**Q** 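My questions all concern the structure below.
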Amino acid sequence: MEVATVENNNESKDHSNNNNNRTLFSFYSNYIWNRVLAFLPSSSSSSSSSSSASNVFAKISNLYRQSARVGSRTHGACLPLPLPSNSFDSASLVMSDTSRVYEVLEDILEHIFLSLRNVQKNLQFWQSRAEGSNARKMYFMIFERGPLAFIDGAVQLIRGCADEGSSMQHLCHSASSHISERVAVLSSLRCALATFLAQIYMEVDRFGEDLVKDPENSLPLLLVTINDIFSNLEASIGHLHAMRQVTMNSDSSVEGSYSLPLLFEKLPGVNQEGSQWTDCEVRDAINLIYKNLLKLDSYLSVIVAKHRKPRKITLHWIRYTCGAVGLSVCSMWVLRHSSLMGSSDIDKWIGDARDSTVSFFNDHVEQPLLSIRDELFETFRKRHKGVMEPEEVLLTSNSLHRSMLLAFSEQTKGQKIPENASEQELLEIVMSRYEKELMHPIQNLLSGELARALLIQVQKLKLDIETAMLELDQILKANEINFAILAALPAFFLSLILLMLVRTWFRRDTRAEGRGRMARVQRRLLIVEVEKRIVQYQTYVDQGQEKDAQCMFGLVLYSLDRLYHAVERHAKATGEWQCLRQDIIDLGKPDLKTTYKLVVTSRMERLYDCLLPSPNRR
């Protein structure tokens, strides 16, 4: 009891310190402003000075809220309010109290969505552990809660070997209670926040037309209603706080005790029936709402921190420990072979690696690329002399045709043969004479035309060889670029593999806001989640379970907010954002029938590009 009292005192001190810091900030800001007003002319009335001071303080608080919003949620506004489409068209609302109320309502939704996101993220972790087997729960209790829990669990397991498994049962029971307690608390928090969200959203939807047509009368009623909803949230969380205090008296796995109960500030008693509120009363009510939001955020941060999932370094502390040990061993090995210990091994290895890299770069990157460049840009300007030139082949062909075939045929036939006679015809005359000469080879070799016919055939063979060499040279020259590309293929494939690794690294984000197949799957699962919760909400309504229905409607809004942010960037890129945004807003309207909402979700899955399956799985 003494330990619990000390812990309560410590947490109450921390809470009071936070309140003191806020009080000091408010005090000094008002003090500085009052000092500034002291130098102004005395004609300024007290009412104008107080209103100016309140305006400055409002601006300061607005800047604080904007900075907090940027730090907490950087990807845009939350799910739009269920207001008429012409509610923001009037220029008179820019600086009016109505526009301030709109900002307050948006801030309320944004705070609740962020809180629900934090609670849901931790709740999903504990629910996944609760669905596991007893062995998986025991593994979590021993190996995923840090070194101290590992030692404690190992000691219990060793004792269990001698106690016939009693420690095993105790450890399993402890794991189940450890997980179930956190699931229960976070589920209750989620239900309370979802109910609060649903009530705010329904009231805004109910006051929507009146806020535009008659803001002077509807604004006070809406602010009073919001104050009552805060009181309902205080009662819901107060019940959870009381149950937690009862649990603290028994065995609990949550370290420390809760902070002070959540107590919201209430609006002072005003005439809500006939009289209108002054601007000062409206601003005071708005500032009161922001104070209550700060109290809620502060309280939830403490509660969720006590029931949050273990940090990543705690979950994987064994891997990190092994990695640290391995890194230490590698460091010692490197140190042993370094110049610090008088060894030149590392310098030698670095030199060999550098030479190998330079050689690979020259052989498979630089030289092939230079060769390709020369082949592409200098082929027709700086061609090296080939093995056989076309002029040589043409000279041999003309010599064979004029000096040998044509002259031999005219001498053999004894008549003039046209110059345009084909080479085939002339070769037939030569071969016919050659066959006759072969009948008396020795005689004709000395005094006949046999030697001349043989020389003509040798010249013809030379021409055929030169023609073949010219064609081969042309083939080689035409494939020079292919050979250069083949030499660059190893570097190309290596670059392609590195590019794929980098692409995989950047596209490994599997969140619904990301790109790729897994992100598309997550977005489609969000639609499935919306459909299930809409049907469950209608089931609760039909059964008359009002509280459960409000809680489920709040979870529907939370899922729609996640879907809203998941598709916004992709739908804007494809030009589908206006229609898709309106469909998401329609799904959040309380008065629309469930059948129509299910038709909308079915259309969204089939029509919009950012919600379709990936192309390779259609």
Side-chain angles (χ1 to χ4, degrees), residues 75-85 109 112-113 116-117 120-121 123-124 190-191 193-195 197-202 204-205 208 510-543 545 548-618:
H75 56 279
C78 60
L79 183 69
L81 293 169
L83 296 172
S85 58
L109 294 185
I112 300 304
F113 282 135
L116 273 175
R117 176 58 178 165
Q120 181 69 19
K121 179 177 62 176
L123 179 59
Q124 286 178 349
R190 184 184 67 171
C191 183
L193 292 175
T195 302
L197 175 63
Q199 291 174 351
I200 292 289
Y201 204 84
M202 289 180 176
V204 173
D205 182 70
T510 58
R511 297 176 301 172
E513 294 86 355
R515 298 180 179 273
R517 185 178 64 86
M518 291 304 299
R520 285 182 176 269
V521 171
Q522 293 297 322
R523 290 194 289 270
R524 292 177 64 81
L525 288 177
L526 282 177
I527 298 183
V528 175
E529 182 179 291
V530 170
E531 289 180 345
K532 288 182 178 180
R533 288 178 171 174
I534 289 175
V535 173
Q536 190 65 37
Y537 164 72
Q538 187 61 42
T539 302
Y540 287 143
V541 171
D542 296 339
Q543 294 176 355
Q545 302 177 10
D548 294 335
Q550 288 182 347
C551 175
M552 190 54 61
F553 184 70
L555 294 179
V556 171
L557 296 177
Y558 167 71
S559 299
L560 289 176
D561 178 71
R562 290 184 59 199
L563 181 63
Y564 185 91
H565 290 284
V567 302
E568 181 177 4
R569 179 167 57 92
H570 305 285
K572 286 182 178 179
T574 57
E576 304 169 336
W577 176 235
Q578 293 298 328
C579 296
L580 181 54
R581 180 179 182 272
Q582 188 58 47
D583 284 342
I584 294 176
I585 295 175
D586 291 341
L587 291 176
K589 292 181 178 179
D591 298 333
L592 289 182
K593 294 183 178 180
T594 302
T595 54
Y596 175 75
K597 291 183 178 180
L598 295 179
V599 171
V600 172
T601 56
S602 177
R603 181 176 70 234
M604 290 168 62
E605 290 178 337
R606 292 182 287 103
L607 178 62
Y608 298 110
D609 180 74
C610 58
L611 296 174
L612 292 174
S614 56
N616 56 348
R617 291 182 176 266
R618 292 177 186 174

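Predicted model, so just to flag it, every value in this text is computed and none were measured. For the single chain, residues carry numbers from 1 onward in sequence order.
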**Q** For residues 571-582, which residue pairs qualify under salt bridge (Lys or Arg N to Asp or Glu O under 4.0 Å), counting only residues two or more places apart or in two chains?
**A**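 Every pair satisfying salt bridge (Lys or Arg N to Asp or Glu O under 4.0 Å) with a residue in residues 571-582: Glu568-Lys572.
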**Q** Hey, mind stepping through Ile584 and Met604 against side-chain contact (heavy atoms from CB on, under 4.5 Å) and telling me if it holds?
**A** CA-CA 9 Å; Ile584 294 176; Met604 290 168 62; 4.1 Å; yes
**Q** Looking only at atom types and distance, does a side-chain atom of Ser602 sit under 3.5 Å from a main-chain N or O of Leu598, one as donor and one as acceptor?
**A**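 Absent.
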**Q** Taking the side chain as everything from C-beta on, heavy atoms only, tell me whether Arg520 gets closer than 4.5 Å to Asp609.
**A**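 The answer is yes, as the side chains (C-beta and beyond) meet within the 4.5 Å cut-off.
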**Q** If the test is side-chain contact (heavy atoms from CB on, under 4.5 Å), which one of Leu79, Ile527, Thr601 qualifies with Leu563?
**A**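 Exactly one option meets the side-chain contact (heavy atoms from CB on, under 4.5 Å) with Leu563, and it is Ile527.
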**Q** Which heavy atom of Ala198 sits nearest to which heavy atom of Gly554, and what is that distance?
**A**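 Residues Ala198 and Gly554, closest heavy atoms: CB-N, 3.7 Å.
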**Q** Identify the two heavy atoms, one from Leu592 and one from Lys597, that lie closest to each other, and give their separation to 0.1 Å.
**A**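 Closest heavy-atom pair between Leu592 and Lys597: O-CE, 3.7 Å.
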**Q** If only atom types and distance count, is the side chain of Arg190 paired as donor or acceptor with the main-chain N or O of Gln120 below 3.5 Å?
**A**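 Judged by distance alone, no pair lies under 3.5 Å.
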**Q** Got a second to check how far Phe113's CZ is from Asp561's CG, nearest 0.5 Å?
**A**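 Output value for this atom pair is 4.0 Å.
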**Q** In Å, rounded to the nearest 0.5 Å, how long is the span from CG of Leu587 to OG1 of Thr594?
**A**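 With rounding to 0.5 Å, CG (Leu587) is 11.0 Å from OG1 (Thr594).
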**Q** Please state whether the rings of Phe553 and Tyr537 are parallel, tilted or perpendicular, taking 30° and 60° as the class boundaries.
**A**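 Phe553 and Tyr537: tilted rings.
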**Q** Is there side-chain contact between Gln538 and Ile534, with at least one heavy-atom pair below 4.5 Å?
**A**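 Answer no - side chains too far apart.
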**Q** Can you check side-chain contact (heavy atoms from CB on, under 4.5 Å) on Leu580 and Leu611, steps first, answer last?
**A** CA-CA 10 Å; Leu580 181 54; Leu611 296 174; 4.2 Å; yes
**Q** Can you name the closest pair of heavy atoms from Pro613 and Arg524 and give their distance?
**A**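 Reported closest heavy-atom pair: CD-NH1, 3.4 Å.
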**Q** Can you confirm whether or not the ring centre of Tyr564 sits under 6.0 Å from the ring centre of Trp577?
**A**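 Distance test on ring centres: under 6.0 Å, yes.
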**Q** If every non-hydrogen atom of Glu605 is compared with every non-hydrogen atom of Val528, which pair is closest and at what distance?
**A**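 Reported closest heavy-atom pair: OE2-CG2, 4.3 Å.
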**Q** For a quick test of reading the model, state the closest non-hydrogen atom pair linking His565 to Cys78 and the distance between them.
**A**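 Closest approach of His565 to Cys78, heavy atoms only: NE2-CA, 3.6 Å.
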**Q** Which heavy atom of Ala566 sits nearest a heavy atom of Leu526, and at what distance?
**A**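 Closest heavy-atom pair between Ala566 and Leu526: CB-CD1, 4.1 Å.
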**Q** Determine whether Tyr558 and Arg117 make a side-chain contact, defined as any pair of heavy atoms from C-beta on separated by less than 4.5 Å.
**A**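 Yes - at least one pair of side-chain heavy atoms lies under 4.5 Å apart.
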**Q** Would you compute the distance between atom NZ of Lys532 and atom CG of Leu525 and round it to the nearest 0.5 angstrom?
**A**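 Output value for this atom pair is 8.5 Å.
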**Q** Okay, side chain of Arg523, backbone of Val567: is any donor-acceptor separation there less than 3.5 Å?
**A**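 Side chain of Arg523 to backbone of Val567: no pair is present.
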**Q** To the nearest 0.5 Å, what is the distance between CD1 (Ile112) and OG1 (Thr195)?
**A**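 Rounded to the nearest 0.5 Å, the CD1-OG1 separation comes to 11.0 Å.
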**Q** Does the side chain of Cys579 come within less than 4.5 Å of Leu607's, by heavy atoms?
**A**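 When only atoms from C-beta onward are counted, Cys579 and Leu607 do not touch, as no gap falls below 4.5 Å.
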**Q** Going from OH on Tyr608 to OG1 on Thr574, what distance comes out if it is rounded to the nearest 0.5 angstrom?
**A**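 The distance works out to 10.0 Å.
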